[in-house]
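This one's a predicted model, so the numbers in the text were calculated from it and none came from an experiment. Residue numbers begin at 1 in each chain, while the letters A, B, ... track the order of the sequences.
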Amino acid sequence: MPSSKRGRGSGSTNNPPLRARGRVSAGRGIGLLLGALPIVALAKPPPAFEDPAPSTSHNGAVQVQWSGGRGEYEVQLRHGEHVRSAYRGPMASAHLSGLVDGEYALQVRARTEDGGWTAWSAPKRVTVEHHPMSLVWVLMSLGLLTFAATAVVVVRSSTAASGAAGAS
Amino acid sequence: MSDDAGLLLTPSVGWLLLGGFSVLWIALGSFWGRRARSLDGFMVAGRNVGLALGTATAMATWVTSNTTMLAPQFALELGVWGILAYATASLGLLLFAPLAARIRAVMPNGYTSAEFIELRYGRAAWGVFLALSLFYALTWLVSMGMAGGLLIEALTGIDYRYGMTVILAVCVIYTVSGGLFAVIGTDFIQSLIVLVGLVVVGVLVLREVSVGQVHATLAAERPMLLHVMFPAALLALFNNLLFGLGEVFHSNVWWSRAFAMRPGVGGRAYALAALFWLPVPVVAGFLGLAAPALGIGVSRPDMVAPIVAGTLLGEAGAVLVFVVVFASIASSVDSLLAATSDLLTKEVVQRFMIPGASPERLRRIAGRVIVGTGVLAWLLCLPKVGTLATVLFFAGPMVASMIWPIVAGLYWRRATGTGAVAGMVAGTAVGLTVYVTIGWYAASLAGALVSALVVTLTAWTSTHEFSFDTLSKGRAV
């Protein structure tokens, strides 16, 4: 996956959309102070996660949703020093999986009308903490035992029942 | 790339496909269902279904939209273990093969699984079983209605509610007109479409991305999906196996087919269906694993298969996926409508509302019950609650807790009604607790285990011996 730092409009808070700039410059006779106001008003805010509170995943999978309808979005995943783009698509939700134990931060941004990007959203923190293997071994052993017992009872009983039916 | 598979088919193409296949299923259902005039014809297809149709209907019903859409979700969330976990569901059909033969032998004139529970264990067990069974049937039905609506929306942009409504309505129409005859006949065609379609999609995907590329991307971005010691996936292995066993062992969908097949056919038909079904989740699951390697962003895990196929294969791929999933959804929705209608008609309407109803009248009532069940499912599908997995696996502990009451009831003379009730209630309670505290991937396992212990212990300590001859005489005794 490409790094989140590539692409147009990275850090768009510092680079307002061109169309917004044009509208500002078209306002002849308006002072610089007044001209700056529309820039602030027209800059598209970044999407916001619907559940921004920190969460914990025990299976290494994370489902996130954010504000906004169909559009173009990018989700960035940060794990320690490693940052990568984890989703690019039109829907206002993303699913990540296969994550190892650790602390993660997710941020999302949306495509603006002029082809740039909004700023990154506030991060959503996710802790991935897989179940301990001790629990897994216990439950797997019990699962194997339950299945084996079921299979043995079904096979032996049906064989016996068939034999009895044949004899009668 | 992005998950804009919805742009691959226009809504007008979507409506065309939807309309065309709706007409096809209704016409075929009406054609095959013309013999369903009697109650036996409507509910158990005249009890004369042969090996080919029996195998096809069992396989097609077990494919379901859940296999074509949920197996890729398993792969995407739980990796290689997830695919294997889903594939273990074939053992449900395989182990039901001897049960089907036993059911047909001890209840040659039976109609429903609930009827067996009452004759074997009494009224209390019947009540608990019926409640759990109906709840499961509805969750399965709702999960498939949702799958249909989501798929159509993702591929064509047609609103979720419209797609879901059309799929449910089509299945209701042909099931009402032809009962189990129509269901089994359409299942045969639908199973062929699903098998051929999945093979084509699998081959085409492998031409676009190699197994090596898939492995490399997963290792870099989603390493746990390849990890041998992936805790949640290992837990899901036996959980899904036991969930599958519970689904097949208790559900009237499978019992009605056991009653419908000729004597001597059921065992072989279910065993063959298990073998034919086994590769389906493996092929479907690979689509889920391939998504990251293809750079496809996944917005919802249950939509990964159509997104991958549609994005990779363009319009033709999207049409193929549409047809395959529509067939798999229809093959299960119709079965569920028929089986649930049988349960409600025989166990509720005939028992409590119109005890003296003639078979002809019950035949008409069964049709109305199918319509009512379809409407209820439609209402529950509207809010689009949760993903397919969360909807379906909530019922996991319930169905798993019914494995041992069924098995012990069919074979053990000393299995008791008290044990069956306690097993189902305790298994469900503990399983749901595990669902909340650990996760869905351990809930069915807990439910099955607790139920097995309770049923075995009560049978062991019982002195009463049941006579299986009682079952063959039916409710008249």
- [ ] Name the orientation class of the two ring planes belonging to A:His130 and B:Phe230 (parallel below 30°, tilted from 30 to 60°, perpendicular beyond 60°).
- [x] perpendicular
Task: Top contributor to chain A contacts, counting heavy-atom pairs under 4.5 Å, from B:Pro223, B:Ala97, B:Ala448 - done: B:Pro223
- [ ] Against chain A, work out which of B:Leu237, B:Leu218, B:Leu245, B:Ile438 has the most heavy-atom pairs shorter than 4.5 Å and name it.
- [x] B:Ile438
Please classify the contact of [X] with chain B as side chain, backbone, both or neither, using a heavy-atom distance under 4.5 Å.
X	result
A:Leu77	neither
A:Met133	side chain
A:Ala160	neither

Answer yes or no: does atom [atom1] of [X] have more than 12 heavy-atom neighbours from other residues, nucleotides or ligands under 6.0 Å?
X	atom1	value
A:His58	NE2	yes
B:Trp81	CH2	no
B:Arg414	CZ	yes

- [ ] Show the numbers, then the answer: is there a side chain to side chain contact (heavy atoms under 4.5 Å, CB included) between A:His95 and B:Glu77?
- [x] CA-CA 9 Å; A:His95 182 79; B:Glu77 289 192 342; 3.1 Å; yes
Task: Distance-minimising heavy-atom pair for B:Leu235 and A:His131 - done: CD1-CD2, 4.0 Å
Task: Closest heavy-atom pair and its distance - B:Pro98, A:Val154 - done: CG-CG1, 3.6 Å
Region of [X] in contact with chain A, defined by heavy-atom distances below 4.5 Å:
X	result
B:Leu234	both
B:Leu95	both
B:Leu76	both
B:Phe468	neither
B:Leu241	side chain

Task: Minimum side-chain heavy-atom gap B:Phe249-A:Thr150 below 4.5 Å - done: yes
Open item on the list: Contact between A:Leu142 and B:Phe238 at the side-chain level, heavy atoms closer than 4.5 Å - yes or no?
Closed with: no
Task: Polar contact flag, side-chain donor to acceptor under 3.5 angstrom, B:Arg222-A:Ser97 - done: yes
TODO: Without swapping roles, check the side chain of A:Ser93 against the backbone of B:Ser299 for a donor-acceptor pair under 3.5 Å.
DONE: yes
- [ ] For side chain to side chain contact (heavy atoms under 4.5 Å, CB included), just list the numbers for B:Trp404 and A:Val153, CA-CA rounded to whole Å, side-chain angles, deciding distance to a tenth of an Å, and then say yes or no.
- [x] CA-CA 10 Å; B:Trp404 276 75; A:Val153 168; 3.7 Å; yes
- [ ] Find the distance between CG (A:Leu139) and CG (B:Asn239) and round it off to the nearest 0.5 Å.
- [x] 9.5 Å
